[in-house]
Trainee: 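Mind looking over this structure? Questions follow.
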There are 2 protein chains.
Amino acid sequence: MGATKTENFTTKQNAIATLAKALGHPARVAIMEYLIKVNTCICGDIVNELPLAQPTVSQHLKELKNAGLIKGNIEGNAICYCIDENAVTKLLNYFAQISIKLEKKKRNCC
Amino acid sequence: MGATKTENFTTKQNAIATLAKALGHPARVAIMEYLIKVNTCICGDIVNELPLAQPTVSQHLKELKNAGLIKGNIEGNAICYCIDENAVTKLLNYFAQISIKLEKKKRNCC
DNA sequence: TAATAATATTGCAATATTACGATAAACAAA
DNA sequence: TTTGTTTATCGTAATATTGCAATATTATTA
């Protein structure tokens, strides 16, 4: 035990969970927000922007990349990271869909 | 080490991370989707809808509730769970805001 | 009251995450 | 080539999560 039983859920459910999980840490939320703020990929100073050691930041970046939330390209001895708008769109659409469904129905409880 | 350094991030960043983390597991995504589908709070059969044992489901429900994504009321010997629309709205707004910011700026990289 | 039904809690094993020091790798510049 | 800069990886300790059997709790019903 201890491992998530991904095989018992739908691909879509797993996809949303993966994206959400990646954002399930304040450091990774902060990284996303910083990438939006600077609006460029030459982000060689992410480490200085976060209250974490360099290896930890590197690890968080890796997780964001694995989840598909950011894209990274090697650029000289610096790395060029930026947000993958596609992933943000997926999340936006998902919650919009939920919102619509919730609003459509008169909820008669709680 | 091993514990998230929440104190070094903003309240808002932690709030988003908490909500996202709660959805960072396919079982909890499935629970949310089931609650939307049935559109009622008399949800005494959630356990039967999931490929997990009863204690595990109960634990996931607890986490969703702690994160504020669902509300629960005791109703006889059953529990009445339903989605907290407020939380969904928070997430929707957050990603909408990001989307707007990304679109506003012509991205010149990646 | 006793039996039944539904959900919660406890306890524990397996696994995953978080964080960072040490070190490696890759490149630019001296 | 050596030095400095930047990011990645390794190794490891601390902590958290996942999952479930066993058990407890709570309320309904017989």
Side-chain angles (χ1 to χ4, degrees), chain A residues 1-9 13-14 17-31 34-35 41-67 69-82, chain B residues 1-9 13-14 17-31 34-35 38 40-67 69-82:
Chain A
M1 298 119 219
T4 297
K5 290 185 148 186
T6 51
E7 69 276 10
N8 291 325
F9 300 95
Q13 283 166 346
N14 278 301
T18 299
L19 288 175
K21 192 177 184 180
L23 286 176
H25 192 292
R28 295 194 289 265
V29 171
I31 289 172
Y34 180 68
L35 284 176
C41 288
I42 302 132
C43 307
D45 50 350
I46 286 186
V47 172
N48 304 320
E49 298 291 326
L50 293 172
L52 294 167
Q54 181 267 324
T56 310
V57 174
S58 187
Q59 199 173 298
H60 282 308
L61 285 168
K62 197 175 168 187
E63 271 168 79
L64 283 172
K65 196 178 176 187
N66 283 342
L69 277 161
I70 62 175
K71 295 178 284 188
N73 292 77
I74 294 166
E75 186 134 325
N77 69 337
I79 283 289
C80 156
Y81 279 120
C82 56
Chain B
M1 296 124 216
T4 297
K5 289 185 148 186
T6 52
E7 68 277 11
N8 291 325
F9 299 95
Q13 284 165 347
N14 278 302
T18 299
L19 289 176
K21 191 177 184 181
L23 286 176
H25 191 292
R28 295 194 288 268
V29 171
I31 289 172
Y34 180 70
L35 284 176
V38 297
T40 169
C41 289
I42 303 134
C43 308
D45 50 353
I46 287 186
V47 173
N48 303 321
E49 298 291 326
L50 293 173
L52 294 168
Q54 180 268 323
T56 310
V57 173
S58 187
Q59 199 174 298
H60 283 307
L61 285 168
K62 196 176 169 186
E63 270 166 80
L64 283 172
K65 196 178 175 185
N66 284 343
L69 277 161
I70 62 174
K71 295 179 286 189
N73 292 79
I74 295 166
E75 186 133 323
N77 68 338
I79 284 288
C80 155
Y81 281 119
C82 55

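Only this structure's heavy atoms are used, side chains among them; waters, hydrogens and symmetry mates stay out. Proteins get letters first, then strands, A, B, ... in listed order; numbering begins at 1 in each.
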Trainee: Could you pick out which residue, A/Lys5 or A/Gln59, lies toward the 5' side of DNA chain D when each is mapped onto its nearest nucleotide?
Mentor: A/Gln59

Trainee: The side chain of B/Arg28 is closest to which nucleotide in this list: C/dA19, D/dT18, D/dG19?
Mentor: D/dT18

Trainee: Does C/dC20 have OP1 or OP2 sitting under 4.0 Å from an N or O in the side chain of A/Thr56?
Mentor: yes

Trainee: Of A/Gly24 and B/Pro55, whose nearest nucleotide on DNA chain C comes first from the 5' end?
Mentor: B/Pro55

Trainee: Is there a side-chain contact between B/Phe9 and A/Val29, using heavy atoms and a 4.5 Å cut-off?
Mentor: no

Trainee: Should A/Leu35 and A/Ile46 count as side-chain neighbours, where that means a heavy-atom distance under 4.5 Å?
Mentor: yes

Trainee: Do A/Leu50 and A/His60 have side-chain heavy atoms sitting under 4.5 Å apart?
Mentor: no

Trainee: Roughly how far, to the nearest 0.5 Å, is CG of B/Leu61 from CG of B/Leu69?
Mentor: 11.5 Å

Trainee: B/Lys65 near the nucleic acid: base, sugar-phosphate alone, or nothing, with a heavy-atom cut-off under 4.0 Å?
Mentor: nothing

Trainee: Using whole Å, what does the distance between atom C1' of nucleotide C/dA6 and atom CG of B/Asp45 come to?
Mentor: 12 Å

Trainee: Do any side-chain nitrogens or oxygens of B/His25 fall under 4.0 Å of OP1 or OP2 in D/dG19?
Mentor: yes

Trainee: For B/Leu61 and D/dG19, what is the distance between atoms CG and C1' respectively, to the nearest whole Å?
Mentor: 14 Å

Trainee: Below 4.0 angstrom from OP1 or OP2 of D/dT6, is there any side-chain N or O of A/Tyr81?
Mentor: no

Trainee: Looking for any heavy atom pair under 4.0 Å, which part of the strands does A/Thr4 touch: base, sugar-phosphate only, or nothing?
Mentor: sugar-phosphate

Trainee: Tell me whether B/Ser58 contacts the main-chain N or O of B/Gln54 through its side chain, where contact means a donor paired with an acceptor under 3.5 Å.
Mentor: no

Trainee: How long is the line joining CG of A/Leu23 and C1' of C/dT17, in whole Å?
Mentor: 16 Å

Trainee: Whether B/Lys62 contacts C/dT9 is assessed here as follows: a side-chain N or O lying under 4.0 Å from the phosphate OP1 or OP2. Is that the case?
Mentor: yes

Trainee: Atom NE2 of A/His60 and atom C1' of D/dA8: how far apart are they, to the nearest Å?
Mentor: 15 Å

Trainee: Find the distance A/Leu64:CG to D/dA8:C1' and express it as a whole number of Å.
Mentor: 16 Å

Trainee: Starting from C1' on D/dT5, measure out to CG on A/Asn48 and report it in whole angstrom.
Mentor: 12 Å

Trainee: Roughly, in whole Å, what's the span from CD in A/Glu63 to P in D/dA8?
Mentor: 13 Å

Trainee: Measure NZ/A/Lys21 against P/D/dA16 and give the value in whole Å, please.
Mentor: 16 Å

Trainee: At 4.0 Å (heavy atoms only), tell me whether A/Gln54 reaches a base, stays on the sugar-phosphate, or touches nothing.
Mentor: base

